[in-house]
Amino acid sequence: MSVAALSARSVTKRVADGRARREVLKDVSLDLHRGELVVIRGASGSGKTTLLAVLGGMLLPTSGEIWLDGEPVSRLRDHQRAQIRRAKVGYLFQDFGLIEQMSVLDNLLLPLVPEGRANDARTRALALLERFGIESLVHASVAGLSGGERQRVALARARMLVPAVLLLDEPTAHLDTGRARTLMDDLIGLAREKTAVLIASHDPRVYDDARVTRRADLHDGVLT
């Protein structure tokens with residue numbers, strides 16, 4: 001089998017909790033390959049958001065190892081890890097992480113700022129907006145968008161750098177049933193284009209979708 005787009009081995013994450021340290025993740029191991037859409041279910045406080053942050057290289061594990069597209073990232077310096085993360089990972093935050101005062105187009109171009117804007121960046125942004133059915137919003141301010149529109153802008157932005165891995169944190173939390181189904185259609189399409197998609201969600205509309213490749217549960221930091 002080809003190299004996994006994302007691999008985790010025996011990952012543990014401890015955080016300060018008053019004077020003590022609490023284990024948020026406990027000996028987590030996971031492989032995610034291109035073309036897969038995997039859902040991790042867990043209640044609020046189960047460690048889902050922390051798991052995505054560690055897997056995506058935004059947080060360092062206390063112990064264990066992470067590989068992104070075959071590259072070990074757990075022991076790299078912050079700037080080295082950030083470079084790999086920008087190239088390999090797209091992240092859809094639960095609150096979308098969009099800049100309210102900026103236009104939709106400028107939000108899409110933000111991931112390219114550290115590398116300098118490529119000549120074809122605007123063309124790619126417009127193509128992504130068209131793909132997700134929101135090309136008419138290109139110059140609109142994010143502040144005036146609906147929840148569903150923000151969701152699609154955030155997903156398009158996560159795709160700007162053609163990541164090997166797409167991580168999504170409760171992506172249907174603000175969506176009605178119709179929009180949740182449309183989002184899952186979009187994500188299945190991305191997986192079929194050989195993106196590795198990992199969703200953290202307790203939404204049965206996501207977890208029970210028949211097109212999901214694999215399912216796992218996270219409870220008190222333990223992945224089963």
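Just so you know, these numbers use all the heavy atoms, side chains as well, and skip hydrogens, waters and symmetry mates.
- One side chain, Arg159 or Thr195, offers a donor N or O that lies under 3.5 Å from an acceptor on the other.
- Of the inter-residue distances, the one linking Leu155 atom CG with Met160 atom CE reads 13.0 Å to the nearest 0.5 angstrom.
- Residues Phe93 and Val89 are members of one and the same hydrophobic cluster, defined by side-chain heavy-atom contacts under 4.5 angstrom among Ile, Leu, Val, Met, Phe, Trp and Tyr.
- Within the structure, salt bridge (charged side-chain N to carboxylate O under 4.0 Å, His left out) pairs that include any residue of residues 44-72 comprise Arg34-Asp69, Lys48-Glu170, Glu65-Arg75, Asp69-Lys88, Glu71-Lys88 (at least two apart or interchain).
- Distance alone, capped at 3.5 Å, places no donor-acceptor pair between the Arg41 side chain and the Tyr207 backbone.
- Legend: side-chain hydrogen bond (donor to acceptor under 3.5 Å, both in side chains) pairs involving residues 137-150, not counting sequence neighbours, sorted by first then second residue: Glu100-Arg150, Ser146-Glu149.
- Two residues are said to be in side-chain contact when any heavy atoms from C-beta on lie closer than 4.5 Å; Leu223 and Asp217 fail this criterion.
- Remark: the backbone N or O of Arg179 is paired with a side-chain donor or acceptor of Asp176 at under 3.5 angstrom.
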* Asked: After noting the C-alpha distance and the side-chain angles of Arg152 and Asp186, does the key distance pass the salt bridge (charged side-chain N to carboxylate O under 4.0 Å, His left out) rule?
  -> CA-CA 9 Å; Arg152 292 197 164 204; Asp186 291 338; 3.6 Å; yes
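- Under the 4.5 Å side-chain criterion, counting only non-hydrogen atoms from C-beta, Leu25 is in contact with Thr50.
- We find that Arg9 and Asp31 are joined by a salt bridge, their nearest charged nitrogen and carboxylate oxygen being less than 4.0 Å apart.
- Minimum interatomic distance between Pro171 and Leu92 (heavy atoms only, all atoms of both residues): CB-CD2, 4.1 Å.
- A heavy-atom distance below 4.5 Å is not found between the side chains of Thr224 and His219.
- Residues Leu137 and Leu145 approach most closely at CD1-CD2, 4.0 Å, considering heavy atoms.
- For the pair Ile199 and Leu187, the minimum side-chain heavy-atom distance is below 4.5 Å.
- Side-chain contact between Leu60 and Val54 is absent, with no heavy-atom pair separated by less than 4.5 Å.
- A donor and an acceptor atom, one from each side chain of Thr49 and Asp169, are located under 3.5 Å apart.
- To the nearest 0.5 Å, atoms NZ (Lys13) and OG (Ser63) are separated by 10.0 Å.
- The shortest side-chain heavy-atom distance between Leu51 and Leu55 falls under the 4.5 Å cut-off.
- Applying the side-chain contact (heavy atoms from CB on, under 4.5 Å) criterion to Leu126, with sequence neighbours excluded, gives Arg122, Val138.
- Checked by atom type and distance alone, the side chain of Ser46 pairs as donor or acceptor with a backbone atom of Ala43 at under 3.5 Å.
- Side-chain atoms of Ser74 come within 3.5 Å of backbone N or O of Ile66 as a donor-acceptor pair.
- If you chain together hydrophobic residues whose side chains sit under 4.5 Å apart, Tyr91 and Leu175 never meet in one group.
- Across every non-hydrogen atom of Val73 and Arg81, the tightest pair is O-CD, 3.5 Å.
- A distance-only check finds no donor-acceptor pair linking the side chain of Asp106 to the backbone of Met102 [under 3.5 Å].
- Under a 3.5 Å cut-off, the side chain of Arg157 and the backbone N or O of Phe96 do form a donor-acceptor pair.
- Minimum interatomic distance between Thr172 and Ala180 (heavy atoms only, all atoms of both residues): CG2-CB, 3.9 Å.
- Between Ala125 and Leu109, the closest heavy-atom pair is CB-CD2, 4.4 Å.
- Residues forming a side-chain contact (heavy atoms from CB on, under 4.5 Å) with Glu130 (at least two apart in sequence, or on another chain): Glu135.
- Atom OG of Ser201 sits about 11.0 Å away from atom CD1 of Ile40, to the nearest 0.5 Å.
- Looking only at side-chain heavy atoms (C-beta outward), Leu190 and Ile188 stay at 4.5 Å or farther from each other.
- Taking CG of Asp17 as the start and CD of Glu23 as the end, the distance is 12.5 Å to the nearest 0.5 Å.
- Trp67 and Leu76 sit in two unconnected hydrophobic clusters of ILVMFWY residues. Membership requires side-chain heavy atoms under 4.5 Å apart, directly or through other members.
- Between Ile99 and Val142, every side-chain heavy-atom pair lies at or beyond the 4.5 Å cut-off.
- To the nearest 0.5 angstrom, Met58 atom CE is 7.5 Å from Leu52 atom CG.
- Residues Gly56 and Leu167 approach most closely at CA-CD1, 3.6 Å, considering heavy atoms.
- For the side chain to side chain contact (heavy atoms under 4.5 Å, CB included) with Leu168, the lone residue among Leu198, Val197, Val39 that qualifies is Val197.
- Taking 4.0 Å as the cut-off between side-chain N and carboxylate O, Arg214 and Glu36 count as a salt-bridged pair.
- Residues meeting the ring pair (Phe, Tyr, Trp, His ring centres under 6.0 Å) test with Phe132, sequence neighbours left out: none.
- Not one N or O on the side chain of Arg22 forms a donor-acceptor pair closer than 3.5 Å with the backbone of Val15.
- Criterion: ILVMFWY side-chain heavy atoms under 4.5 Å apart, direct or through other members. Under it, Leu218 and Leu59 are part of a common hydrophobic cluster.
- The hydrophobic cluster containing Val165 also contains Ile84, counting ILVMFWY residues as joined when their side-chain heavy atoms lie under 4.5 angstrom apart, directly or transitively.
- Sorted by first then second residue, the salt bridge (charged side-chain N to carboxylate O under 4.0 Å, His left out) pairs that include residues 198-213, not counting sequence neighbours, are Arg181-Asp209, Asp185-Arg211, Asp203-Arg205, Asp209-Arg211.
- Side-chain atoms of Ser29 come within 3.5 Å of backbone N or O of Ser10 as a donor-acceptor pair.
- Here the side chain of Thr213 pairs a donor or acceptor atom with the backbone of Leu37 at under 3.5 angstrom.
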